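Just below is one structure, and these are the notes that go with it.
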Amino acid sequence: MDLALLRTFVTVHRAGSFTRAAALLGLSQPAVTSQIRTLERQLGRPLFLRKARGVTPTSVGDELAHRAAPHLDALVEIAEGGLEVEAPLRTLHLAGPPEFMAERVLPALVGMTGSEGPAFRLRTSFGSTDDVLEGLAAGHHDLAVATRRPRGTLLSAGTLCDEEHLLVAGARWAGRFAPGAVRRGGAGALAKVPVVDVHESLPFARRYWTTVFDAPPPEHAALVAPDLRAVLSCVVSGAGLAVLPRYLCEDALLRGELVTLLEPPVPPLRTYFVAVRAGTQALPHIATAHEWLLRAAVAWG
């Protein structure tokens with residue numbers, strides 16, 4: 001069997017699209033389509049089901065990818081390393097939400113640098129969950145940290161950790177509430193407090209109001225900043241209230257710069273997942289980073 005056909009097949013399987021695979025391989029889409037058809041004729045079985053947007057592997061396609069991908073990856077690693085006694089450092093491309101990456105993920109991976117030097121080079125990208133998962137599927141990233149589990153068989157994901165969301169305000173606003181006022185009055189007690197969030201749709205406040213107060217969220221935000229670290233700074237400075245992850249605002253709470261307005265019996269949680277393309281976790285630099293993150297996440301809890 002032609003290894004070039006297998007390489008094209010594995011790339012299509014990971015990318016979920018002939019178009020994306022062609023871009024990754026530097027081929028035209030007709031050339032990729034032709035190679036997959038040739039491989040399907042040789043095997044006598046269909047490998048993909050064509051859909052309006054991309055392709056989905058058949059059971060035969062999944063089995064072939066599972067068996068072939070690790071060996072092809074190993075051959076690529078050998079080819080890239082040449083005949084050098086010491087293999088060159090691989091580069092790990094990692095993507096995820098900016099705040100969580102900056103505060104949790106990157107400091108954890110920096111810990112992999114010991115006396116012997118780093119296990120790999122690290123390149124990072126920030127983006128929304130949709131963006132980073134799409135980039136992972138297209139082969140732009142090796143690992144992605146996401147706030148939802150990807151669907152389908154192209155990507156696999158495991159739970160990394162949960163983050164607790166807190167309703168907080170600066171001391172100036174928190175001082176206006178009598179003890180227990182928010183617990184007794186619910187969302188109505190907060191009606192006159194400005195809200196700070198990361199988007200006009202108030203994603204953090206909306207989820208908190210719905211799950212904790214069982215009430216409609218505020219109609220609009222007084223201040224929108226598309227980074228949770230900026231939201232934190234604004235709230236500490238007296239801009240109003242916000243819903244923030246505990247890991248991000250814990251130090252400000254300890255310093256007394258923020259006050260928790262409510263301690264619900266069951267606080268809202270958001271789950272993070274670490275995702276890889278199927279078959280790539282066998283690569284040493286990806287497997288090492290994946291395992292290191294899972295170990296580091298134990299302490300985050």
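The structure presented is a predicted model; accordingly, all values stated were derived computationally and were not measured.
- Pairs engaging residues 224-242 under the side chain to side chain donor-acceptor pair (under 3.5 Å) rule: Asp227-Arg229 [sequence neighbours left out].
- Considering every non-hydrogen atom in both Ala144 and Leu133, the closest pair reads CB-CD2, 4.5 Å.
- Listed here is the closest heavy atom pair of Ala169 and Ala174: CB-N, 4.3 Å.
- Note: Ile286 CD1 to Leu94 CG = 10.5 Å, rounded to the nearest 0.5 Å.
- The closest side-chain heavy-atom distance from Val55 to Phe18 is below 4.5 Å.
- Asp142 places a side-chain N or O within 3.5 Å of a backbone atom of His93 that can act as its donor or acceptor partner.
- Leu166 has its side chain within reach of Leu253: a pair of non-hydrogen atoms, C-beta onward, lies under 4.5 Å apart.
- Looking at Ser17, its side chain does come within 3.5 Å of a backbone N or O of Thr19 through a donor-acceptor pair.
- Applying the ring pair (Phe, Tyr, Trp, His ring centres under 6.0 Å) rule to pairs touching residues 179-207 yields His165-Phe204, sequence neighbours excluded.
- By the rule that hydrophobic residues join a cluster once side-chain heavy atoms approach within less than 4.5 Å of another member, Leu49 and Val60 end up as members of separate clusters.
- A donor-acceptor pair under 3.5 Å links the side-chain atoms of Arg277 to the main chain of Leu136, judged by distance alone.
- Side-chain contact between Leu167 and Leu190 is present, with heavy atoms from C-beta onward closer than 4.5 Å.
- Using a 4.5 Å cut-off on side-chain heavy atoms (C-beta onward), Ser156 and Val276 make contact.
- Across every non-hydrogen atom of Ala21 and Val12, the tightest pair is CB-CG2, 3.5 Å.
- Linking Ile, Leu, Val, Met, Phe, Trp and Tyr whenever their side-chain heavy atoms come within less than 4.5 Å leaves Val224 and Leu202 in two separate clusters.
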>> Using the rule given for side chain to side chain donor-acceptor pair (under 3.5 Å), can you reason through Arg37 versus Ser34, listing the C-alpha separation, both sets of side-chain angles and the distance that settles it, and then say yes or no?
In response: CA-CA 5 Å; Arg37 286 176 177 169; Ser34 176; over 6 Å; no
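- Checking side-chain atoms of Trp173 against main-chain N and O of Val193 turns up no donor-acceptor pair under 3.5 Å.
- One N or O on the side chain of Thr129 and one on the backbone of Thr147 form a donor-acceptor pair closer than 3.5 Å.
- Inspection of the Thr11 and Arg14 side chains reveals no N or O donor paired with an N or O acceptor under 3.5 Å.
- Atom CZ of Arg151 has 12 or fewer heavy atoms from other residues, nucleotides or ligands within 6.0 Å.
- Applying the 6.0 Å contact sphere to CZ of Arg255 captures more than 12 heavy atoms from other residues, nucleotides or ligands.
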>> Run the side chain to side chain contact (heavy atoms under 4.5 Å, CB included) test on Leu5 and Gln42 for me, step by step, so that the C-alpha distance in whole Å, both residues' side-chain angles and the decisive distance to 0.1 Å come before the verdict.
In response: CA-CA 11 Å; Leu5 297 183; Gln42 291 179 1; 3.8 Å; yes
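- Contacts classified as ring pair (Phe, Tyr, Trp, His ring centres under 6.0 Å) and involving residues 137-164 (residues at least two apart or in different chains) are not found.
- A heavy-atom distance below 4.5 Å is not found between the side chains of Thr91 and His285.
- Of the charged side-chain nitrogens involved, none lies within less than 4.0 Å of a carboxylate oxygen, so that Glu200 and Arg206 do not count as a salt-bridged pair.
- A donor-acceptor pair under 3.5 Å is absent between the side-chain atoms of Glu163 and the main chain of Pro245, judged by distance alone.
- Counting only residues at least two apart or in different chains, ring pair (Phe, Tyr, Trp, His ring centres under 6.0 Å) contacts with residues 212-249 comprise Phe100-Tyr247, Tyr208-Phe213, Trp209-Phe213.
- Shown here for Pro179 and Arg184, the closest heavy-atom pair between the two residues is O-NH1, 3.2 Å.
- Side-chain contact between Arg121 and Leu92 is absent, with no heavy-atom pair separated by less than 4.5 Å.
- In terms of hydrophobic clustering, with Ile, Leu, Val, Met, Phe, Trp and Tyr side chains grouped at heavy-atom distances under 4.5 Å, Leu244 and Leu269 are assigned to different clusters.
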> Given the rule in the side chain to side chain contact (heavy atoms under 4.5 Å, CB included) test, do Thr8 and Leu25 qualify, once you have shown the distances and angles that lead to the verdict?
Replying inline: CA-CA 8 Å; Thr8 298; Leu25 293 167; 3.9 Å; yes
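- Residues Asp130 and Arg148 are paired through a salt bridge, judged by an N-O separation under 4.0 Å between the basic side chain and the carboxylate.
- Distance alone, capped at 3.5 Å, is enough to place a donor-acceptor pair between the Arg149 side chain and the Ala157 backbone.
- The side chain to side chain donor-acceptor pair (under 3.5 Å) check on Glu164 picks up Arg246, with sequence neighbours excluded.
- Qualifying side chain to side chain donor-acceptor pair (under 3.5 Å) partners for His13, counting only residues two or more places apart in sequence or in other chains: Asp62.
- Nearest heavy atoms, Leu143 versus Ala289: CD1-CB, 3.8 Å.
- Rounding to the nearest 0.5 Å gives a distance of 8.5 Å between CD of Glu40 and CG of Leu43.
- Residues Leu261 and Val168 are not in side-chain contact: their nearest non-hydrogen atoms beyond the backbone lie 4.5 Å or more apart.
- To the nearest 0.5 Å, atom CG of residue Leu241 and atom CG of residue Asp197 are 9.5 Å apart.
- Atom CD of Glu103 and atom CG of Leu228 lie 10.0 Å apart (nearest 0.5 Å).
- In this structure, the side chain of Arg172 does not engage the main chain of Ala239 through any donor-acceptor pair within 3.5 Å.
- Atom CG of Leu109 is separated from atom CH2 of Trp292 by 9.0 Å, given to the nearest 0.5 angstrom.
- In this structure, Glu263 and Thr260 have side chains that are in contact, with non-hydrogen atoms separated by less than 4.5 Å.
- A single hydrophobic cluster is seen to contain both Met101 and Leu293, as judged by linkage of ILVMFWY side chains at heavy-atom distances under 4.5 Å, directly or through other members.
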> Thr271 and Leu160: side chain to side chain contact (heavy atoms under 4.5 Å, CB included), yes or no, with the steps?
Replying inline: CA-CA 7 Å; Thr271 302; Leu160 186 60; over 6 Å; no
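- In this structure, Val196 is a member of the same hydrophobic cluster as Leu262, with clusters built from ILVMFWY side-chain heavy atoms closer than 4.5 Å.
- The two residues Ala108 and Ala296 make their nearest non-hydrogen contact at CB-CB, 3.7 Å.
- The structure places OG1 of Thr58 at 7.5 Å from CZ of Arg45, a figure rounded to the nearest 0.5 Å.
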